[in-house]
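Below is one structure, written out as structure tokens, with a few remarks after it.
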Amino acid sequence: MAYWLFKSEPTAYSFADLLAEPARTTGWDGVRNYQARNFLRDQVQVGDGVLFYHSSAEPPAIVGIAEVVRAGHPDPTAFDPKADHYDPKSDRANPTWYQVAIRAVRAIDPPLDLPSLGRVPELAGMELLRKGSRLSVQPVTQGQWETILALAQSKSKR
DNA sequence: GCCAACGTTGGC
DNA sequence: GCCAACGTTGGC
């Protein structure tokens with residue numbers, strides 16, 4: 001059991017979009033960075049926890065929790081000439097790009113915005129908070145995961 | 001819109 | 001293998 005943070009620009013694909021999917025599930029396609037690809041292909045497992053993060057948002061924030069429902073498998077959009085992230089160099093016999101499938105668990109409301117996360121001592125050292133961090137699939141430690149869930153719980157409006 | 005911090009490409 | 005040029009990400 002491991003934990004991850006997945007980034008998405010909400011104008012491209014938001015947590016609300018995930019909640020609106022059939023079975024609240026989608027293939028996490030379009031990842032075209034080798035370090036992120038390696039995590040998706042080799043390490044992300046069914047049952048792992050996912051923090052859903054909105055980048056280039058106002059403010060950038062962790063907005064939901066998801067779980068992995070299918071481990072790494074080839075990303076079909078890499079083979080589709082009409083897809084945004086089509087990669088003519090990838091082929092089905094030896095795929096370059098991988099995806100996993102995730103299912104929404106619940107929204108974090110209010111979201112945990114980036115400036116606030118930066119003030120949490122327990123999260124010092126989190127990859128998301130590192131200056132220049134661009135990795136779109138990043139590992140989260142169990143301690144970071146528990147801290148974030150506790151923050152979400154304590155601020156939750158019900 | 002700016003720009004820092006990357007990652008990728010390609011000449012050599 | 002080096003590294004300059006270029007492209008991208010993403011906070012501000």
Side-chain angles (χ1 to χ4, degrees), chain A residues 2-21 26-44 48-66 68 71-102 104-141 143-145 147-152 154-155:
Chain A
Y3 306 96
W4 308 93
L5 181 142
F6 286 10
K7 289 183 184 175
S8 183
E9 296 192 23
T11 54
Y13 191 87
S14 69
F15 192 72
D17 291 330
L18 179 58
L19 287 170
E21 297 278 5
T26 195
W28 200 252
D29 58 30
V31 173
R32 297 292 180 268
N33 167 281
Y34 287 102
Q35 196 177 350
R37 186 282 309 270
N38 290 346
F39 286 132
L40 295 177
R41 186 188 59 188
D42 304 332
Q43 292 191 239
V44 179
D48 284 359
V50 174
L51 301 172
F52 197 112
Y53 176 79
H54 281 172
S55 61
S56 296
E58 188 49 54
I62 296 171
V63 297
I65 306 288
V68 177
H73 56 285
D75 175 352
T77 67
F79 311 126
D80 179 359
K82 291 190 287 294
D84 284 347
H85 299 94
Y86 172 58
D87 181 359
K89 296 191 297 299
S90 180
D91 70 277
R92 292 174 190 277
N94 187 20
T96 305
W97 304 113
Y98 283 70
Q99 65 172 5
V100 300
I102 63 170
V105 174
R106 62 180 177 277
I108 292 178
D109 187 22
L112 297 172
D113 63 274
L114 188 63
S116 300
L117 294 171
R119 283 185 242 107
V120 178
E122 291 86 347
L123 298 179
M126 190 176 178
E127 170 65 17
L128 181 69
L129 302 175
R130 190 178 59 80
K131 181 175 169 61
S133 170
R134 305 193 327 193
L135 194 55
S136 65
V137 172
Q138 36 180 274
V140 170
T141 68
Q144 291 161 355
W145 173 268
T147 297
I148 285 163
L149 261 59
L151 286 170
S154 69
K155 292 181 179 169

Which residues share a side-chain contact (heavy atoms from CB on, under 4.5 Å) with [X], sequence neighbours left out:
| X | answer |
| --- | --- |
| A:Thr141 | A:Gln144 |
| A:His73 | A:Arg70, A:Gln99 |
| A:Pro115 | A:Asp113, A:Arg119 |

> With sequence neighbours excluded, what pairs up with A:Arg41 under the salt bridge (Lys or Arg N to Asp or Glu O under 4.0 Å) test?
Replying inline: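 Expected list: none.
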> Considering residues at least two apart in sequence or located in another chain, which fulfil the salt bridge (Lys or Arg N to Asp or Glu O under 4.0 Å) criterion with A:Asp87?
Replying inline: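 Scan of A:Asp87 (salt bridge (Lys or Arg N to Asp or Glu O under 4.0 Å), adjacent residues dropped) gives A:Lys89.
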Identify every side-chain donor-acceptor pair in residues 12-20 of chain A under 3.5 Å, counting partners at least two apart or on other chains, and give the distances.
residue, atom, partner, partner atom, Å
A:Tyr13, OH, A:Glu21, OE2, 2.7
A:Ser14, OG, A:Ala16, N, 3.3
A:Ser14, OG, A:Asp17, N, 3.1
A:Ser14, OG, A:Asp17, OD2, 3.2
A:Asp17, OD2, A:Ser14, N, 2.8

>> Among residues 51-58 of chain A, which ones have heavy-atom contacts with DNA chain B below 4.0 Å?
In response: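 None, since no heavy atom is under 4.0 Å.
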>> Please list, in numerical order, the residues of residues 122-133 of chain A that have a heavy atom closer than 4.0 Å to any atom of DNA chain B.
In response: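 Within residues 122-133 of chain A, the residues near DNA chain B are A:Arg130, A:Lys131, A:Gly132.
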> Under 6.0 Å between the ring centres of A:Phe52 and A:Trp4?
Replying inline: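 So the answer is no for these two rings.
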In whole Å, I'd like the distance from the [atom1] atom of [X] to the [atom2] atom of [N].
| X | N | atom1 | atom2 | result |
| --- | --- | --- | --- | --- |
| A:Leu135 | C:dT8 | CG | P | 18 Å |
| A:Gln35 | B:dT8 | CD | C1' | 14 Å |
| A:Asp84 | C:dT8 | CG | P | 13 Å |
| A:Asn33 | C:dT9 | CG | P | 9 Å |

>> Please enumerate all residues that pass side-chain hydrogen bond (donor to acceptor under 3.5 Å, both in side chains) together with A:Arg37, with sequence neighbours excluded.
In response: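 None.
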> Do any pairs count as a salt bridge (Lys or Arg N to Asp or Glu O under 4.0 Å) and have a residue in residues 121-139 of chain A, sequence neighbours left out, and if so which ones?
Replying inline: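 Salt bridge (Lys or Arg N to Asp or Glu O under 4.0 Å) check on residues 121-139 of chain A returns A:Glu127-A:Arg130.
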For nucleotides 4-7 of chain C, tabulate all protein N/O to nucleotide N/O atom pairs closer than 3.5 Å, reporting atom names and distance.
none

> Taking only residues two or more places apart in sequence or in another chain, which ones pass ring-ring contact (aromatic ring centres under 6.0 Å, His included) with A:Phe6?
Replying inline: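 A:Phe6 satisfies ring-ring contact (aromatic ring centres under 6.0 Å, His included) with A:Trp28 once adjacent residues are dropped.
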